[in-house]
Every structure is written in structure tokens, then in C-alpha cells.
Amino acid sequence: MRAPCGRLSLGPLRTWQHGGVTAATHSSSFTAGADSADAVLLGLDPEQREVATTLRGPVCVLAGAGTGKTRAITHRIAYGVRSGQLVPASVLAVTFTNRAAGEMRGRLRELGAGGVQARTFHSAALRQLQYFWPRAVGGEVPRLLERKIQFVAEAGARCRIRLDRGELRDVTGEIEWAKVTQTVPADYPAAALKSGREAPRDLAEIAQIYGMYEQLKRDRNMIDFEDVLLLTVGILHDVPAVADQIRTQYQHFVVDEYQDVSPLQQRLLDLWLGDRDTLCVVGDASQTIYSFTGATPDHLLNFRTKYPQATVVKLVRDYRSTPQVVHLANGLLNQAKGRAAEHRLELISQREAGPDPVYAEYSDEPAEAEGIAARIRDLIAAGVPAGEIAVLYRINAQSEVYEQALADAGVPYQLRGAERFFERGEVQKAILALRGAARSGGNDPLLDDIVELGPQVRAVLSSTGWTHEPPAGSGAVRDQWESVAALVRLAEDFARARPAATLADLTIELDERKAAQHAPTVQGVTLASLHAAKGLEWDAVFLVGLTDGMMPITYAKTDEQVEEERRLLYVGVTRARHHLTLSWALSRTPGGRGSRRPSRFLNGLRPGSMAPGSAPGGPVRKRVRRGPVLCRVCGKTLTEAGELKLMRCEDCPSDMDEGLYERLRDWRAVQAKDQGMPAYCVFTDKTLMAIAEAAPSQDGELSMISGVGARKLERYGADVLAICAGGDPEGQDPDDA
């Protein structure tokens, strides 16, 4: 499931609607809110203002990427509260991730509507289930199974079905899909066939594992996240008194990301509503990218059919991205097909012009990663914070080569979707130290003469070994430093917003964030899959690996599956505020056959390509055929990425001609200046080093070097070979070099 509600306690609660948990602030700003109802409306554009002031009846907000949908709906709730038309405790705002719910709670608190509940579907349902279970079912509430994969593995073993790691993950996903679509084990094979599921094993085997998984949970009195929704639906359906109490409590509902609701979530929403229509939904069918989990845009697209009297507002003013990025995003959707495409929104950028998107082709994946890392390093040198840069890819397996390239370039990075922030050892150690200092109050000699909260936090964390200056290089040590540094920045922002705050206040804030899994920002380039990037944005975005077979992914067979892949790319494009680079590699490894093609989704958009359906013709790109790469020293076949870059084994001696390397650098500087591009766009330092080591004498030898693709060979080959031979490039005066 894509909307887990994090680690939520099943302990006793004070009230079912609040659960004894206060809202965590959403960001590092902690800004003060508006002081009146009219002030809440200040700064909204006409469409956002219409959303904010339409408080009655069903409302459908069709909001494109970057159009301020969260701003519109939070100001709608706040305006209703500040104007006296909505009672805070009567409003339930629902979204899909803990991060989005935390952001919404923070904004509402800033706007003076802190009593409003903003939760994920799972979190809201769990609170209700915990409170009403003794009355509706009786006995102790079952324990929550947070990580089901181990249970699935045990179920497979009991069924004598062995699953490897990949199959285990995929079978778990199939069980989750079955549950959110309300499919029982016996009906799974037929339902999977009808839905065109790409099952990892025989359908009957999966059904058998699914049934055993359910049996194991029953035997151990445990429930999973899908059960939370199923059981809550069951109680609301079967116990009218419980449904009446919840409907009395909640009079108004807001659902964000409505294009992603599953049939089960929609069923729960219908039961919350009863026969009322006090509902506001927000969504964009063009951002439907989770159909494999059971999500469907049908509820959004059918909203006006279900509620003919609904007010529909379209948000199309894009405040996030430059006109160049928005133009590309619109171009992607203009080629889309299907029902969702019929409801696409044409975005209108509200920002000043920026640079054109960059399309970059590389000879192989290591060269692509190396080139992207060099570009990122230049952006950081130009003042773009590392935390405002992201590398996005289709599948997580693509991350490794970028991790290596960024580490080689000395660029800090963080993997999104890896270990949760508050579960990291260094974070737990830091919070424990802060909590200890808070308990000691004024009796801690470490804090003598330190009054302000920020310096106090730095002093406490310094005592645990953390330093104010980051360690050199990257890797695990740097990652740990960045995690603690994120806590320091959070404390400083918290102190600026609440000058009287103490260490004890800060630990409460951290506890609230941990409960909501709402982590602070870690400064480092983000590496993430396109799915994990949904809802986020950066100043600079690199969309990598954009080849047919990866985008769209090879197992996208049907027209609808291909269209969802296009929407996924659209989501990636619209994450960028200013800089956008789209890249691909012609082969997987250096020496491989360059047979890959750029993603079909870029046809008609990237320079020199034809739009879909255009007549064939025009020049055909010639590619150099390449064979196995051999170590130029010992002749051994090279397989490791680092060896492939330098064309030799790691333990073979380097005989790089330093003079040749410097001449190549001087030539590259002239080329870069003449063409108005960064030097790395000609050749990276490592490629020049490999050339200087190999000293090629002919095209075939030069083409075997990582980073020398067919285009660069054609453009620069003669010059490079001339320099390697001791001469001067054609048309270049020696005095100009």
C-alpha cells in the first residue's frame, strides 16, 4: 500500500477523534497565521479564492501540478473556521501520505484552524477502530502488523512455495491490491485475470499464499493496514450507532489527491458521509500513477455525475515551474490518450522565463551518471543548494550508478524511500541526548551561560560527537552528519518562531513529528523513483534513463498501462521549478551495442525528433558498433564500472601522460567557451583522464572509451586524435590553446 500511516500506537486514547496526538508542524517556517477571516483570503488568485469561499454543497477542485491546491483547500478550511461557518472539530481533511497530512496540519495551525483533523485514510480509520472496537466487537484490539513481508514469507513457506526476494515483494503487493479492491483469496485468480495483473507467480499459488497469510494473522490476533480500513468499514456498516456518532462528529470532509482513492477508501468515505454531500475533493486525473495499488481516477472523473449540483473549480495557474518546464509538461499531455487525457488541464506558468529543458544523450549508463554528477556539481557551485536538486528514475535499481557517480564527484546525496529518518541510529541518539538535557533543566553544566535554544542544541549534540563542520567526502559518515544537521536546522527554525521555547518544547515537537513520520529536510541531492517523488518539488530535476523499455517500462503492455507511464513522466517533469534535464544512454555498459532509443514520449518534444504519426524520413543516426572492453594493460575483459571508465584494471599501473591530459583540458576549455557550454558537456575530467591514459591513435580505439559516444566521436574525434598524436586540432592556432 502507498499510504501507510506509520508507527501508530494501539494504546488507550483520550478521545477517538483526536487520539491524544497533537498536530506536528509541517515545515521549518513556523510562520504566524492570518488574524482574521478576510486576511485568510489575501494572496489567493481568483480560482483559489472561489475554492476558499465555496463552503456549502459538494465541491470538486481540478488542480494541475504546482497550482497551489494545498494552499486553496487549507485556506478554504481556515476561512470557514475564522468566519464562523465551520467548527474546527467537525472537519476531517484526508490525504494519502503522512508528509502531506503533516504539511496540512501545519498550514491549518498557522492559519488559526489548528483544531481541524488532517490525517491519512489509514490514520483516521485506525483512531476510530481503536476507540469503537470494545463497544462494537468486544475484547482487546488486535495488534497492528506494520511490516507484512515476513508474514507473507512464512505463509509461502507453509504452502511449500519458495519465494525469492523480488517475488516476496511482488506477492505482498498482490495481496495488498486484492485487499484494497475487496477481493478475497478464493476470488483473486479471476479478479487478477480480469484486471490484467502482471502476477509474479501462478495465480493459484498467490491465492494460496494470500489465504495462509490471512490465517496466520487470525491465529496471532493481528491486523494489517488494509484490515484497518476493512474492519472500520465493517463496523460502520453493521453498527449504525457507531456510524451515527462519527457522522455527528464530522460534518465536513475534504479529500486531497482524490484521483488516487481505492474502492475500499471510497467505501469508507461514503460511510463517513452517509446521505450528506458536504464534501470537497481535490485531484488531477493526469497525475494518476498508482493504479497498480488499486487507485483509480474514476471517482474523480465521475464526481459530477454523482453530484450534478457540484461546484467545479479548475486551478491551472502554475506557480511552481518556469514557462519552459510547463510547456514541456503540456506537450507530454497533448499526446496522451484515454479518458484521463480527455480531462487534462492546460497549465499556465506564472513564473518568469527560465532555461530551456536540456536533452542529453550518452553512450552508456556510467557515462550518463558521470555527466549528470558533473552537472549537479556545477549547479551547486553556482549556488543551487544540494537539497534543491533531485535525480529521478523509473525503478530503484537505477540508483546505484548515480550513488557512485555522486560519491566520486564529492556531492552529498540522500536516498528517498530508504530507512525512515526517525529510525536512524544517529537521529535516535541525538534525540535521546536532547531529551536528557531537557530533563536536567538548569542543572546541566554543559548549558551554563547558554540561553538561546539553537546554541543549546548545538552544545548538546556536540557532546555526542557531532561537529559543526561536515566531514570530508560522502558516504555513511556524511549521511549521518547530515541527519543530525537537519535536527539542528529544525531547532533553529523552531526557536525563531517561538523565542520562548525550551529544550522540552523542542522534544515535544520532535515526538509529534516522529509519530507522524514527518521528517525534517536533509541537505543532499535526492535520489528517488518517480513514484516516490510525487508531491515533492525541487529547483533542479534530472530525469534519467529515459529509454524505451524503461519509460515506458517494458511490462507496460496495454494502452492504459502505457498512458500511466506517460503520466508518471509528466509527474517527474512537473517536479522541477527551474532547471530540468532529461537524459538517456544508448547502451547499458561501455562497449555495449548502442541500440537503445530515447523514450517515445519525447518524440516531437526533443530537438530533432518527429511527433507521433509523422511521416518517416530525415537523417538516420549512425552509431558505432562496440565489442567487449579489454584492459589496455593486461588484456583482461573489464566488467566493473570503475575499471570501465579508465579502460584498465584497478590494480594495473596507470601510465597517464600528464602533458597530454593538460593539453586535452586546454583544448576542452576553448571548445566550451566557443560553444557557450560548461566544460563537462564536451568531456568530463574522467573521460579526459581515460583518453590520456589510453592515448588512442584511431577512431575505433577512441570510441571504446567511456564517455565518447557516436556524436562526440563525430564532433571531436579528429581534434582529440590530433592532440594525442602530438599535433594541434584542425583550425586552432597553437597560441590559442
For the side chain of [X] and the backbone of [Y], is there at least one donor-acceptor N/O pair under 3.5 Å apart?
| X | Y | result |
| --- | --- | --- |
| Glu537 | Arg577 | no |
| Thr54 | Val51 | no |
| Glu563 | Lys337 | yes |
| Glu176 | Thr293 | no |
| Gln259 | Asp284 | yes |
| Arg567 | Ile289 | no |
| Tyr393 | Leu530 | no |
| Gln561 | Lys557 | yes |
| Arg276 | Arg247 | yes |
| Arg575 | Val571 | yes |

Report the C-alpha distance between Met551 and Leu568 in whole Å, list the side-chain angles of each, state the deciding distance to 0.1 Å, and finish with yes or no for side chain to side chain contact (heavy atoms under 4.5 Å, CB included).
-> CA-CA 9 Å; Met551 177 56 66; Leu568 187 58; 4.2 Å; yes
Heavy-atom distance under 4.5 Å between the side chains of [X] and [Y], does that happen here?
| X | Y | answer |
| --- | --- | --- |
| Pro46 | Arg317 | yes |
| Pro58 | Val281 | no |
| Leu569 | Leu546 | yes |
| Ile389 | Asp539 | no |
| Phe121 | Leu264 | no |
| Asp298 | Arg339 | yes |
| Ser195 | Trp177 | yes |
| Leu345 | Lys314 | yes |

Measuring from [X]:[atom1] to [Y]:[atom2], what's the distance to the nearest 0.5 Å?
| X | Y | atom1 | atom2 | value |
| --- | --- | --- | --- | --- |
| Leu268 | Leu273 | CG | CG | 10.0 Å |
| Phe494 | Ile508 | CZ | CD1 | 8.0 Å |
| Phe601 | Leu582 | CZ | CG | 13.0 Å |
| Trp272 | Phe253 | CH2 | CZ | 7.0 Å |
| Thr53 | Gln85 | OG1 | CD | 9.5 Å |
| Arg82 | Asp38 | CZ | CG | 10.5 Å |

Going through the distances and angles, do Leu111 and His75 end up as a side chain to side chain contact (heavy atoms under 4.5 Å, CB included)?
-> CA-CA 8 Å; Leu111 293 168; His75 282 246; 3.7 Å; yes
Are there more than 12 heavy atoms of other residues, nucleotides or ligands under 6.0 Å from atom NE2 of His343?
-> yes
Glu352 atom CD, over 12 foreign heavy atoms within 6.0 Å | no
Examine the side chains of [X] and [Y] and answer whether a donor and an acceptor come within less than 3.5 Å of each other.
| X | Y | value |
| --- | --- | --- |
| Gln309 | Asp277 | yes |
| Glu560 | Thr558 | no |
| Glu50 | Gln48 | no |
| Glu564 | Ser291 | yes |
| Gln266 | Tyr258 | yes |

Kindly indicate, with the supporting measurements, whether the criterion side chain to side chain contact (heavy atoms under 4.5 Å, CB included) is fulfilled by Tyr307 and Leu279.
-> CA-CA 10 Å; Tyr307 300 104; Leu279 172 66; 4.2 Å; yes
So which of [options] actually passes side chain to side chain contact (heavy atoms under 4.5 Å, CB included) with [X]?
| X | options | result |
| --- | --- | --- |
| Leu543 | Leu602, Thr581, Leu580 | Leu580 |
| Arg76 | Val254, Val282, Val81, Val91 | Val254 |
| Asn330 | Leu332, Leu328, Leu333, Val326 | Val326 |

[X] versus [Y], closest heavy-atom pair with distance:
| X | Y | answer |
| --- | --- | --- |
| Gln287 | Ala63 | NE2-O, 4.2 Å |
| Gln265 | Ser262 | OE1-N, 2.9 Å |
| Val541 | Gly572 | CG1-O, 4.0 Å |
| Thr120 | Ala101 | N-CB, 4.2 Å |
| Phe303 | Ala310 | CE2-CB, 3.8 Å |
| Glu257 | Lys69 | OE2-NZ, 3.3 Å |

Does the pair Lys179/Asp227 count as a salt bridge with the N-to-O cut at 4.0 Å?
->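 Salt bridge: yes.
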Output, in order, the C-alpha distance, side-chain angles, deciding distance and verdict of side chain to side chain contact (heavy atoms under 4.5 Å, CB included) for Lys534 and Tyr290.
-> CA-CA 10 Å; Lys534 179 72 167 64; Tyr290 289 101; 3.9 Å; yes
Whether His122 and Phe225 hold their rings parallel, tilted or perpendicular, with breakpoints at 30° and 60° | perpendicular
